[in-house]
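Written out below as structure tokens is the structure these notes cover.
All values below come from the heavy atoms of this structure, side chains included, with hydrogens, waters and symmetry mates left out. Protein chains get the first letters and strands the later ones, always in sequence-line order, with residue 1 at the start of each.
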Amino acid sequence: MTAPETNPLPTTYDAGSTESTWYPRWTEHGVFTADAERAATREPFVIVIPPPNVTAVLHMGHGLNNTVQDVLIRWRRMAGDEALWLPGTDHAGIATQNVVEKQLAAQGKTRFDLGRGPFVEKVAEFVDHTGGEILNQLKAIGSSADWSRTAYTFSPALSKSVREAFVRLHEDGLVYKGHRVIHWCPRCGTSLSDEEAEFTDTTGKLYHLKYTLADDPTQSITVATTRPETMLGDVAVAVNPEDERYLAMIGQEVVLPINGVRIPIIADTYTDAAFGTGAVKITPAHDANDFEVGKRHQLTMPVVIDAEGIVREVEDAAGRVPATLSGLDRAEARTAIVKLLEAEGALVKIEPHAHAVRHCYRCDTVVEPRLSDQWFVRMRPLADKALDVLRGGQLRILPDRWEAVYVNWLEGIRDWNISRQIWWGHRVPVWYCDNPACSQEPIVSRTDVTACTSCHGPVRQDEDVLDTWFSSWLWPFSTLGWPDATPDLKAFYPGDVLVTAPEILFFWVSRMVMSGCWFLDQTPFHTVYLHGTVRDMQHKKMSKSLGNGIDPLDVVKLYGADALRWTMVAGLGLGVDVMLDPNDLDKSFAPGRNFCTKLWNIGRFLLSRVGTEPLQPLSSIAPERLTAADQWILDRLDQAVLDCDAALGPPRPANGHTWTDAERGRGLRLSEYAEAARRFVWNELADWYLEALKPRLYATEGEDREVARTVLAHAFDGALRLLQPMVPFITEALWQQLPNTPAGAFLAQAAWPVARRGDGAASAEAQAFEYARDAVQAIRSVRSEYNVNPGAWVDAMLVAPAPIGALLDAQVATIGSLARARVTLAAENPGGASAQLLLRDGVELVVPLAGMVDLEKEKQRLQVELDQLDAQLQALDGRLANEKFVSKAPPALVEAERAKAGEWRARCELMRTKLRTLGA
RNA sequence: GGGUCGUUAGCUCAGUUGGUUAGAGCGCCACGUUGACAUCGUGGAGGUCACAAGUUCGAGUCUUGUACGACCCA
């Protein structure tokens, strides 16, 4: 018997219980686990996660980033790829060390009180206990990563990769120790790479200092500087050799104020005659540019500021720092020195000056340029390879405007300072023999060295650790076991898509491409997808410090993970920032919340009507048994599938390795994908098909009801498959209720739909339903205009040319029930006092509305419509009368325009006739 | 200082190689609980596509300039 089943679904969607039901089932059944062996017979599709800092707490940026990855990986998993999303965390050298140092500071201790070994142990312990929590938080938003492969940049396995990379680069002659001015964070006590020293625009001061000539105290030269405290370390004044103002002074000496040191005036083209006074003081130990000048002129390099940012005579600086200044912090020293300069009459003036000051990207302290010994990687050869893969089409970046940024940076690449003077990280694998009698060079080794290879005496390891990014840049293959030739490495390298934010294009993305190309001779991925930033309504980036953040877990609790995911994906234009209001979560997440509620209600109703009896497969139903509505929804599903595919794909270059120009910019349009799927399930399946179907479904039994059940279930099944990557929980819960879902199967690994008809074009039968929709909308419009009681039934006549009339004949009941109208068909318009509308293809709607029709209103409406169309017709006629248009535009277009003109003309005529009958 | 991008409905954004009457979500207005859904339904209002010039039969789309805004690099 076919009485409707008891509805098993609760009336409101319970996100919490659904999420806690399905996530464990997915993981228990290994739905997310990739298999290297299977990858031999299926296309692998690999995404490596941008590893969050091991101590990080989930924020909206992670939410966005990981949702995108999850959508892509779930899509490819359904599409039959061997999908691997590889998760993990980054040990985050400086950041993590800072956290633990802060804890120590609260106890009044420093890391030096503990000593290196115990401190590192303490950090490791801290990471063990509190680290990696973010990975659990990723599970809460539905991330389908392969947790069995969770990696960590500081694990023994990945540490092995790091050593291998360092040693190999050394063997390749690309690692060297350099003595130069680098960026130094006095607070963190370490050097930083160029990328880690971020520029901040600041309004500072430009100090003009007067240095008196040694041999002629009546003469002086004025230099301009933003950092007067470095004058103690000045070794020269440089002027441009072309600058006529100073020609006579070149070669003479000036006396530094305060410490009385004599320094020469030199000529160097580095000096810009137009900046400041045209004369600059040269402090080689405390400015990278001055360092270059100093090297060119073989100047001494006195160091007057130490590693903690304290002014004192550090090196080659005897007699330069007066006792009164020694021991002052660099900021205090600036104040004191300016005062002294003023007292000596050496301070000419102070101007406001807008410039960019570098700050530590971890603690925001102003970076101090510092002369020191550091390990560097010579990047030019690596960068060239990374440029080749982009130019050769093995790599693309979306949005493509970032490709220019990538190229620009790589073309101007500078050597990478990879050593850090902190303790938390991979120690530089270099050992020194301190035996003065032994001539052993530093030993660079893959394994720990315990004795000198020459004299067998004791050795000591380099104190420095490697930049965190030196492990991150190996991530796409270190996580797969490199340098060992593991099955995973063979199966899953190179990967496919890298999803991240543009901020780390240089830090991480470009470097991964370089390392992949260098060590494995292949770009680690063929696509870089750079998504936008999550911002608040003032377009300010969400951040903890600004207090404008949204906790994704709050959103999950309030509306569910799917609502969070949907909101972000639906709003995610390519490379576009996502705006959310931290003060109004209801409004911000309304799109996702509303969509989930709607989907749940669609499913609840639909499933209750479909029931639980087995369904015959769609393929077993003879086409002539399908109604126009059935044909229509099946066509719409085809179209939705094609639209989703077009928005998402292609997943990889068609030839497997190189993007063609036609492919290169395509796909990864997540918002278009969301819109195509949404339109299908909501605007087509629910709004029209389900409504049109109600009479058939309420029938108690019969063949037609079976057809309706089958088509309905098929259409919904298709919708759920299309939606699963975006809203995995709610779709899984609904899909499990469909009668034809096999026991033990998961939507999460069901097949991605394929369009039945390849072209997605509407079939002729479906066209009848389009006419029916037109008629329904027209009747509703008339009803609304005349304020007809929504419950009341009206008479409506459709006047249609014979062939369309024949199509409409079968739709009369459907139109009637959807528009609450007693619908009749006619070949001729009877005229009379009625509301009349022109539909498409010459179909007319006549609604008599006895006694209610307002003739003036009808006339007005017709007139407005006629005027609009007439204006457009005239423009079109003008175009068609233009000989150039007719001769130059594509013939097919001209033909189409002619046909349109004819249609519009007939329509205008019809309206004029109507107006006349209305007495205008 | 160098570079990149953006400016389309009240807000946030789509609009693929130039070619019907420029779309969506949210918001707004009117009506409404007809056997899934008021986190909803139905109907509707709202845009000289920043400005100016140019190319073209034809420009939201291509070129140049201007204004404003954002980001990246030095």
Given Watson-Crick or G-U pairs with both distances under 3.5 Å, what dot-bracket string fits RNA chain B, with | for other-strand pairs and [ ] for crossing? (((((((..((((.....[...)))).(((((.......))))).....(((((..]....)))))))))))).

Please write out each protein N/O paired with an N/O of nucleotides 32-34 of chain B under 3.5 Å, distance rounded to 0.1 Å.
from	atom 1	to	atom 2	distance (Å)
B:U34	O2	A:R820	NE	2.9

Please enumerate all residues that pass side-chain hydrogen bond (donor to acceptor under 3.5 Å, both in side chains) together with A:Y786, with sequence neighbours excluded. A:E858

Ignoring backbone atoms, test whether A:N882 places a side-chain nitrogen or oxygen under 4.0 Å from the OP1 or OP2 oxygen of B:G58. no

Where do N or O atoms of nucleotides 44-46 of chain B meet protein N or O atoms at under 3.5 Å, pair by pair?
none

List in chain and number order the residues that pass side-chain contact (heavy atoms from CB on, under 4.5 Å) with A:L838, two or more places apart in sequence or in another chain; answer none if no residue qualifies. A:E844, A:R907, A:L910, A:M911, A:K914

Classify the nucleic acid contact of A:E691 as base, sugar-phosphate or nothing, counting any heavy atom under 4.0 Å across all strands shown. base

Check this for me, if you would: do A:R380 and A:D415 make a salt bridge, where the nitrogen-to-carboxylate-oxygen distance has to be below 4.0 angstrom? no

Side-chain polar contacts of residues 890-901 of chain A - donor-acceptor pairs under 3.5 angstrom, sequence neighbours left out - could you list them?
from	atom 1	to	atom 2	distance (Å)
A:E897	OE1	A:K900	NZ	2.7
A:E897	OE2	A:R879	NH1	2.4

Is A:R593 touching bases, backbone alone, or none of the nucleic acid, heavy atoms closer than 4.0 Å? base

Expected list for residues 670-680 of chain A near RNA chain B, using heavy atoms below 4.0 Å, is A:E672, A:E675, A:R678

Which side-chain hydrogen bond (donor to acceptor under 3.5 Å, both in side chains) pairs, counting each pair once, include a residue from residues 578-598 of chain A, with sequence neighbours left out? A:Y559-A:D586

Nearest-nucleotide 5' precedence on RNA chain B, A:A889 against A:Q777: A:A889

Under 3.5 Å, which protein N or O atoms sit close to an N or O of nucleotides 20-23 of chain B? Give each pair with its distance.
from	atom 1	to	atom 2	distance (Å)
B:U21	O4'	A:Q872	NE2	3.3

What is the nucleic acid contact for A:T597, judged by heavy atoms within less than 4.0 Å: base, sugar-phosphate only, or nothing? base

Please tabulate the protein-to-nucleotide N/O contacts below 3.5 Å involving nucleotides 7-12 of chain B, giving atom names and distances.
from	atom 1	to	atom 2	distance (Å)
B:U12	OP1	A:H539	NE2	3.4

Looking only at B:C5, B:C37, B:A74, the nucleotide nearest the A:F199 side chain is B:A74

Interatomic distance at C1', B:G32 relative to B:U16, whole Å: 41 Å

Closest of B:A36, B:U16, B:C71 to the A:R535 side chain is B:C71

Excluding sequence neighbours, so at least two apart, what forms side-chain contact (heavy atoms from CB on, under 4.5 Å) with A:A733? A:T18, A:W22, A:W600

Residue pairs meeting ring-ring contact (aromatic ring centres under 6.0 Å, His included), one or both in residues 560-585 of chain A, sequence neighbours left out, come to A:W566-A:F595

